[in-house]
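A short worksheet on the structure shown next.
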Amino acid sequence: MADYKPQQLDRKWQKHWRSTNAFEVEADPSRPKFYCLEMFAYPSGHAHVGHVRNYIIGDICARMKRMRGYNVLHPFGWDAFGLPAENAAIKTGTHPETSTLDNIAHMKGQLQRLGISYAWGREIATCLPEYYKFNQWIFLKMLERGLAYRRRSSVNWCPSCQTVLANEQVVEGACWRCGSPVVMRDLEQWFFRITAYAEELLKDLDTLAAWPEKVVVMQRNWIGRSEGARLTFPVAGASETSVRGAGAPGLDIAIFTTRIDTIYGATFVLLAPEHAMVDRFAAESPDPVAFRARVQQFRALDRGARLTGAIEKEGFDTGRKAVNPFTGKEVPIWVANFVLAEYGTGAIMAVPAHDQRDYEFARKYGLPIKIVVVPRSAASAIEAERGVGVPAKPDRGEGAPGVEISEATSDYGRLVDSAEYSGQEAPGVITRMIADAEKRGIGTGEVQWRLKDWGISRQRYWGTPIPVVYCDKDGVQGVPYDQLPVELPKIATFSGRGDSPLAQVPEFVNTQCPTCGGPARRETDTMDTFVDSSWYFLRFTDPGNSVLPFDPKAAAYWMPVDFYSGGVEHAILHLLYSRFFTRVLRDVGLVTWAEPFTRLLTQGMVLKNGDVMSKSKGNVVDPDDMLQKYGADALRLYVMFVAPPEKEVEWSDAGLEGSFRFLFRVWRIVDHWAAAVGGSSGPASGTFNDGERALRRKTHDTIRRATVDIEERMHLNTAVSSLMELVNQIYAFSETTPLGPPTRAVQPSARIERPETVVVMREAIDALVVMISPFAPHTAEELWEMLGHKGGLTRAAWPAFDAEVAKAEEVVVPVQVNGKVRARLTVPAGLSDDQLCERALADPAVQVHTAGKTIRKVLVAKGPLVSIVAG
RNA sequence: GCGGAAGUGGCGGAACGGCAGACGCGCUAGCCUCAGGAGCUAGUUGGAGCAAUCCAGUCGGGGUUCAAAUCCCCGCUUCCGCACCA
């Protein structure tokens, strides 16, 4: 027997694939395309089996589709900018470029040793000017279209290191390096106006039928559309005219609410500590110093406390009043720490009876609570109680009905104590109240989004320079296209001090104004690395283009990505930004559709000792160790067999060994039969005996199952198990032939008398080797060669399923009596329902259970299966 | 709190309303072997029985159906996401 030395096969076939450019492709409109993509990698240095699982999943898909006749694009690249490399540079002095390129080289080797079938000719790395030039190009397009803009925004600042910190550098409110408390600092920053696409991004989620429901829901929540009304609460006493809603500018408080139907219960107004009106009230207050001190307390406290969990709701009275535009009554204005400045208008009307947060706040400070909605279910009970006329408690103040409530009820229902709206019900009354507010000029219907514009400025070195210059005379200007890329200058030392590292490079900062030629300064911030990953899948369609991000024709052929797989941690940001970018590029005219990823798979993580693998936990399984022991194929097969791709799995050495044993089992049986079945060809025909027909049935049934499991259901684990079943049956069949089992040496006298046996065995073994090749490509290629096939496996034809052959001649039909299986009839296939019923009722085991009972019903269900109801 | 997913042998997991536990790991017995942590064969949900077979059984409780792991309702548990979004 030929030795099975998987490590040698790995080397042999990987070399072969490389030297023949086996996986490089060109667009070919005459052939159907398939774009298979795994999320590209951050080059951290070492891939562990958790990362690698994803690449294997994609590879099974890519290899299978190639054999199914598709022109398969399966590229890989590197998400190569980012903070870790810069952090390392600060610590060790190694330049990010050096460490990044080293890491890429190492990880690329790892993936090649796994035999992943990438078109390496299309490899990209986002840290190279050829790539990030087009980040800048897209930025300029956005700038032209008003989709990129500047505004002040706060960043984390470490006063001790004198530097800006990214969110991931802030650990529990403190600097990652020195542990000092982080403060907020306002800087001018660049934003992408993703909110301009909010409506479309939300609506089109409905078209993503082949995305996991979970991801769609997460995106929907993240976008967070809510319908409501923007209403004006004039500040009392500031201007007499404002009471009628024609208020002097700056003296109205705008609020957003989704519950205008509760407005008669709005007994106070709350402002976010950051609300513009707060500063004004402070200035006008009797004691501005004390006022500002309290505000400052909230502004400072907020951020740190929010990380650790729920903060106690606190606030204080501004001493000012606003007029509820519906009741016409004055209500107090408070500042509250839980009101968010960045959502809605930064101010709310508080309805303590119908909002739990407002309720807690009202209770704490003794503010009035007024019930204005009676939920349908509780209506009669509460009305009965109200009827007794329990006096209002002092802390509920004027207008509070005599109903004791212990929590807010936010259910919809019938309005009470709401002037002319009393007795009406949501949702109708909401529409009417908004219409009335619009008529009176005190408000308008409005849609609010939880999604905010995307701040892309990073005060970092290792990223794409933002292609903008500032001229004292001509203002903010995009760098002209013909001056791209704005290259990242080499920096020798990384101090980790200062706001933006690039600001410390005068040769970079000082430039000329593209308009007047006078002195100008460059933007020194770099882009968020999510920009890089928001369009890389398009770059793969035309990675060498130096004029455009990609040729629209290339994208038109290859896109959209047919199968995209990666970690669920990118369910929101990366995927949402990619959908946003694709729409922008559509509006720019480079592509013609909006959704970049047709089918999405979020693969589960690989755990070790019940925990996510990580260097710090010391539980990393290095694929290279496994390759050395068992070869790439056993690892690939195991990772696919252990569970469905979406599920997380616990790593098991024993399981890996089992997969190795299976491959060895395949190797032995193919080797055992290679001489007998190899070399010859032709369709399977002849007069087959029972055993031969059974094997053919199994072969074709396996073809059907494996094809569906891989291509449609992505149940790679069951695809493998069906192949295992086929192998088991091939072994069993082999035992019945003169050649015997592969464990026994073949007798010199052994000869296969029946040509049909050879034909059937060849059909089974050929199909097996082809179908196992996506999982175990090295072993399969070697066996394929051993069987005398020429031309390699990567583009061999996937076996064709023949329904006639797979059809069973005899079927086992279970018979249920009152829902329990009492007999199994072995009958020829194709009996009529009546014949089946007749035989079922005649069966002795059935008669035992129907004896003495009346047969009430007999039916034949698909399967087939006979169901008898007796009683 | 809101939203999502899931609960099946000792373990990983199968089963597009129709034979629960495919396939594998582990374990048990036998064969082969100088030996085996190799290979082969058989067994392996629990309980009763020499056995044929019978009873129970897919988190718990109801329901729909000739038929439910699967569909519906209530509850429990676990995991994940969002988390004061007005």
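Quick note on labels: first sequence line is chain A, next is B, and so on, each numbered from 1.
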Fill in: Row check, A:Phe660 ring normal vs A:Arg665 NZ/CZ: under 6.0 Å, within 45°
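A:Arg665 over A:Phe660 ring: no.
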
Name the pairing partner of [N], where a pair is Watson-Crick or G-U wobble with both distances under 3.5 Å, or state none.
N      : value
B:rG3  : B:rC80
B:rG26 : B:rU44
B:rU65 : none
B:rG17 : none
B:rA51 : none
B:rA35 : none

Worksheet item: Are the side chain of A:Tyr365 and the backbone N or O of A:Phe316 linked by a donor-acceptor pair below 3.5 Å?
Response: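 No; zero donor-acceptor contacts below 3.5 Å.
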
Item to complete: Apply side-chain hydrogen bond (donor to acceptor under 3.5 Å, both in side chains) to A:Asn619 and list each qualifying residue two or more places apart in sequence or on a separate chain.
Response: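 side-chain hydrogen bond (donor to acceptor under 3.5 Å, both in side chains) list for A:Asn619, sorted by chain: empty.
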
Worksheet item: Are more than 12 heavy atoms from other residues, nucleotides or ligands located less than 6.0 Å from atom NZ of A:Lys313?
Response: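 Yes, the 6.0 Å shell around NZ holds more than 12 heavy atoms from other groups.
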
Worksheet item: With ring centroids as reference points, do A:Trp667 and A:Tyr4 lie under 6.0 angstrom apart?
Response: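 Judged by ring-centre distance (under 6.0 Å), A:Trp667 and A:Tyr4 do meet the cut-off.
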
Item to complete: For B:rU65 versus B:rC50, give the span between their P atoms, rounded off to a whole number of Å.
Response: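 Result for the P pair: 43 Å, nearest Å.
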
Worksheet item: With rounding to whole Å, what would you report as the distance between B:rA14 and B:rG24 at their C1' atoms?
Response: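 That atom pair is separated by 11 Å.
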
Worksheet item: Closest heavy-atom contact between A:Trp334 and A:Gly315?
Response: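 Heavy atoms only, the tightest pair is CE3-C, 3.9 Å.
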
Practice prompt. Mind listing the closest non-hydrogen atom pair of A:Leu831 and A:Val827 along with its distance?
Written response: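 Minimum heavy-atom contact is CD1-CB, 3.8 Å.
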
Practice prompt. List for me each residue that meets salt bridge (charged side-chain N to carboxylate O under 4.0 Å, His left out) alongside A:Asp206, sequence neighbours excluded, and say none if there are none.
Written response: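 Partners of A:Asp206 by the salt bridge (charged side-chain N to carboxylate O under 4.0 Å, His left out) criterion, ordered by chain and then number, come out as A:Arg220.
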
Discussion item. Please classify the nucleic acid contact of A:Ser226 as base, sugar-phosphate, or nothing, using heavy-atom distances under 4.0 Å.
Written reply: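 Answer is sugar-phosphate: A:Ser226 comes under 4.0 Å of backbone atoms only.
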
Worksheet item: From B:rC23, B:rA15, B:rC84, pick the nucleotide closest to the side chain of A:Met724?
Response: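 Of the options given, the side chain of A:Met724 lies nearest B:rC23.
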
Worksheet item: Taking the side chain of A:Val217 as its heavy atoms from C-beta onward, which of B:rC25, B:rA86, B:rG3 lies nearest to it?
Response: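 Of all the options, the side chain of A:Val217 is nearest to B:rG3.
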
Worksheet item: Excluding sequence neighbours, so at least two apart, what forms side chain to side chain contact (heavy atoms under 4.5 Å, CB included) with A:Ser226?
Response: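 Only A:Phe256, A:Thr258, A:Tyr343, A:Gln448 meet the side chain to side chain contact (heavy atoms under 4.5 Å, CB included) criterion with A:Ser226.
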
Which atoms of nucleotides 59-67 of chain B (N or O only) lie under 3.5 Å from a protein N or O atom, and what are those distances?
unit_1, atom_1, unit_2, atom_2, d
B:rC66, O2, A:Ser867, OG, 2.6

Worksheet entry | Plane angle bin for A:Tyr638 and A:Trp651 - parallel if under 30°, tilted between 30 and 60°, otherwise perpendicular |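 Plane angle over 60°, so perpendicular.
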
Worksheet item: Whole-Å distance between B:rC25 C1' and A:Leu637 CG?
Response: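 Roughly 14 Å, once rounded to whole Å.
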
Atom pairs, protein N/O to nucleotides 8-13 of chain B N/O, distance under 3.5 Å:
unit_1, atom_1, unit_2, atom_2, d
B:rG12, O2', A:Val642, O, 2.7
B:rG13, OP1, A:Lys647, NZ, 3.0
B:rG13, O3', A:Asn717, ND2, 3.4

Discussion item. Tell me if B:rG9 is syn or anti. Syn = glycosidic torsion within 90° of 0, anti otherwise.
Written reply: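 It is syn.
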
Worksheet item: With a 3.5 Å cut-off and just heavy-atom distances, do the side chain of A:Lys313 and the base of B:rC84 make a donor-acceptor pair?
Response: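 By the distance-only test, yes, there is a pair.
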
Discussion item. Can you build the contact string for nucleotides 38-57 of chain B? Use B for base contact, S for sugar-phosphate-only contact, and - for no protein heavy atom under 4.0 Å.
Written reply: -SS-------------SSS-

